[in-house]
Amino acid sequence: MDEQALLGLNPNADSDFRQRALAYFEQLKISPDAWQVCAEALAQRTYSDDHIKFFCFQVLEHQVKYKYSELTTVQQQLIRETLISWLQAQMLNPHPEKTFIRNKAAQVFALLFVTEYLTKWPKFFFDILSVVDLNPRGVDLYLRILMAIDSELVDRDVVHTSEEARRNTLIKDTMREQCIPNLVESWYQILQNYQYANSEVTCQCLEVVGAYVSWIDLSLIANDRFINMLLGHMSIEVLREEACDCLFEIVNKGMDPVDKMKLVESLCQVLQAAGFFSIDQEEDVDFLARFSKLVNGMGQSLIVSWTKLIKNGDIKNAQEALQAIETKVALMLQLLIHEDDDISSNIIGFCYDYLHILKQLTVLSDQQKANVEAIMLAVMKKLTYDEEYNFENEGEDEAMFVEYRKQLKLLLDRLAQVSPELLLASVRRVFSSTLQNWQTTRFMEVEVVIRLLYMLAEALPLSHGAHFSGDVSKASALQDMMRTLVTSGVSSYQHTSVTLEFFETVVRYEKFFTVEAQHIPCVLMAFLDHRGLRHSNAKVRSRTAYLFSRFVKSLNKQMNPFTEDILNRIQDLLELSPPENGYQSLLSSDDQLFIYETAGVLIVNSEYPADRKQALMRNLLTPLMEKFKILLEKLMLAQDEERQASLADCLNHAVGFASRTSKAFSNKQTVKQCGCSEVYLDCLQTFLPALSCPLQKDILRSGVRTFLHRMIICLEEEVLPFIPSASEHMLKDCEAKDLQEFIPLINQITAKFKIQVSPFLQQMFMPLLHAIFEVLLRPAEENDQSAALEKQMLRRSYFAFLQTVTGSGMSEVIANQGAENVERVLVTVIQGAVEYPDPIAQKTCFIILSKLVELWGGKDGPVGFADFVYKHIVPACFLAPLKQTFDLADAQTVLALSECAVTLKTIHLKRGPECVQYLQQEYLPSLQVAPEIIQEFCQALQQPDAKVFKNYLKVFFQRAKP
């Protein structure tokens, strides 16, 4: 071996040595006989360095996994002997190998097992057992090998080919017939010998039993001697967690419902007799978490049995199963209410399924009703935050509690299905009593009752949140709680969790304020003062900004009396934060977007006449425009790049805020009707000069472009005079990304205004194309992935532009560019259809070609176009699908082929028999297509049903490709 290269295996080696070691590993993997050196090194114990031993096993692993079939019988025999002699050596080794080496060795044994067991090495287990006997070091390796084999055969996370899956099934069948009883016997001996002497080996063995029990005959394990031993282990502290998991696997195994019921019941009797059901006596939470999982497994197994028995009509046994389930509910409740969330979380499945049974019963007994109430109280208690929850700096523990709360919410929803009246009454009771004394109650208890009210909205679903109409008792209960919430003063509670829950709930039940509008002012004040948008906590301010916009939007009809008051009160929150250091505004720019949108909604939906709306909108937007002009001048003079960036950011925010106010307009309330066109045209005039600013182009252009998109929708044709100069600026010194983002703007204008913008399009068509071609033709590094992707996206955008132009009935824009330019454009479309392996672009190109053939392909089309059809378009329809990269198994490619079929059909429609004649006599024979296939093709093409030809074309190319 290359000793120098082996030095690089040490984790502390420098990078040159490590590179050399990696290269050496690759070299050994390819070499036909290097593995023999590694095998010999392992068998002879040549090296004491752990990393080298691991390395040798890696080389052997590669050989067995990928090259085994290339070895001779003698070489295969050598690998078997090497592994067995390495195993024998472990028996005599004074010190066991490191765990990572033992695991790697076990993997290699397992790989060899799945390769050879059915053919060359049927005595695999007997050979290994005869070497290891009951030697603890040997037993450890034997158990590791068994776990590695289990993961090769049944691990759900490993993706197997259908061939491997068949082989694995055959191996398991053969093992069941030939060796499983002996393996089970060996496990029993190991457990018996080591249960008191070696807890590590015992736990490993229990893990093996748990893993194999899912696919071997259960009676080998679920019998008195095994179960009694496992129950014994449940009382030994170092073994009981693993014993619990092993029992869980036994209980979880699929079997006949009556047998399963008997198994679970006998287990429960023994566990109860041994005192395991006395949860309050147990202090070890790790064990209890496993025990909770076991009880959950037993409960869910009984429920599966009950469901099957009901389905089979076996009422007597189903009754017994239900009885068995009911007797576990007290234990389930103890675990559900346990202060440790892991223990509680593990039992939720059983709890959920139990409620599902109750939902199916027509009448509930008093005990069952009491159970429902107990679950409800447990859920309410467990939803409560604990003292340790860190609201300022939420970490992993907090994230786990949030997830656990989601599980509890599912239980609450299920409770609502079983007994909505009981849920409503319970929540109302605890809500009312808590809010009566909220000033003296701990924050978590106040938060949880408001949270419960919030959760009721989903637990008691109603169409469109109509909680306050319909069912009178329910509506009055919710109305009563909402009234208490908004009048109790609890919005002043000094804890962020309570504040946020208050605002979330108010917005969730916004329909309440249509019924009792008198409460709107006090809620608005809460939003606007130190409880909401001016809270000392930034997280509360941020969330409130979003919730406030939702509140105002959903209640816009009720907002009229407060419009001007609100606009005055939010004035300071609308200020554009200057980029000067040290100034800390209350809201981030993202939060301010919501405030601007809210202001827009208030103005647009108010009942004021148009001139008043215009005045208010001008008040809102003029400060932005003035600030914008000043900042743009500052940017032009700024020297420092950091300063430039912060100024550009600020300019961008100003444009974004103005954009956001326009979201308030709708089809019913257009910009024109509200008299606001002039204000937005002023904004356009203010913002457009930023396009010619040579500094920070990306960010400025992107903001103004977004604003233009909005204005095309809002101002309609009034925006058109601004488009030519804006486009001219945006086409100056472009990158691929600029163009890619500019083209959708032109597409939007083209699709919306069509013939109105024809002169503008004709004028800017070639400048735009020149800019696109210039970027596409720029040389790029061969392996520059991002440049290649940018070009691909730009190419797609270019074709999308041509598709919009042709599809909007504007083909004259292309036709009027002069013959040379027209041909150049058409050639790029043909290239796009054939040469670039991008099915999305190819599909677009065929759509363009179909459209052009439809428009120009008739007798009165442009001169020379018919020739172009036969010289270029027809060949493209064959050359593209014949390319190796045209993958007919890919969904996008099939869509491209479908458009290719449409193109051929359109050519046939426009050119008639002449097209068939050309295909029959000239084109298809030039591709060496057999005469009978040509005949078949032309018949399919002439079918009136386009779908028939699409299906035929796919088959045609599948046959044609090697």
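Sequential numbering from 1 along the given sequence is applied to the chain's residues. Computed from a predicted structure; not experimentally measured.
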key: Sidechain-backbone polar pair: Tyr918 side chain, Tyr870 backbone, donor-acceptor under 3.5 Å   = yes
request  = Dump the intermediate steps for side chain to side chain contact (heavy atoms under 4.5 Å, CB included) on Ser662 and Phe707, then the final yes or no.
outcome  = CA-CA 9 Å; Ser662 71; Phe707 187 67; over 6 Å; no
key: Residues in side-chain hydrogen bond (donor to acceptor under 3.5 Å, both in side chains) contact with Gln592, at least two apart in sequence or another chain   = none
task = Kindly say whether Leu691 contributes a backbone atom to a donor-acceptor pair with the side chain of Lys732 at under 3.5 angstrom?
result = no
query = Should the pair Asp591-Arg543 be classified as a salt bridge under the 4.0 Å nitrogen-to-oxygen rule?
reply = no
task = Compute the centroid of each ring, for Phe878 and then for Phe937, and state whether the two points are separated by less than 6.0 Å.
result = yes
Donor-acceptor pairs under 3.5 angstrom involving side-chain atoms of residues 806-829: please list them, not counting sequence neighbours.
unit_1, atom_1, unit_2, atom_2, d
Thr806, OG1, Leu802, O, 2.9
Thr806, OG1, Gln803, O, 3.1
Ser808, OG, Thr804, O, 2.7
Glu812, OE2, Ser758, OG, 3.2
Asn816, ND2, Gln762, OE1, 3.1
Asn816, ND2, Glu812, O, 3.3
Gln817, NE2, Gln762, O, 3.2
Gln817, NE2, Val813, O, 2.8
Asn821, ND2, Gln817, O, 3.0
Thr828, OG1, Tyr798, OH, 2.7
Thr828, OG1, Val825, O, 2.4

inquiry  = Could you work out, with salt bridge (Lys or Arg N to Asp or Glu O under 4.0 Å) as the rule, every residue matching Glu735, not counting sequence neighbours?
reply    = Arg778
ask   = Taking only residues two or more places apart in sequence or in another chain, which ones pass salt bridge (Lys or Arg N to Asp or Glu O under 4.0 Å) with Glu163?
value = Arg166
request  = Keeping to residues at least two apart or across chains, list the side chain to side chain donor-acceptor pair (under 3.5 Å) pairs with something in residues 684-706.
outcome  = Arg705-Glu741
Lys752: salt bridge (Lys or Arg N to Asp or Glu O under 4.0 Å) partners, not counting sequence neighbours = Glu716
inquiry  = Counting the benzene-type ring for Trp, do Phe722 and Phe687 have ring centres under 6.0 Å apart?
reply    = no
task = Compute the ring centroids of Phe753 and Phe760, then answer whether they are less than 6.0 Å apart.
result = no
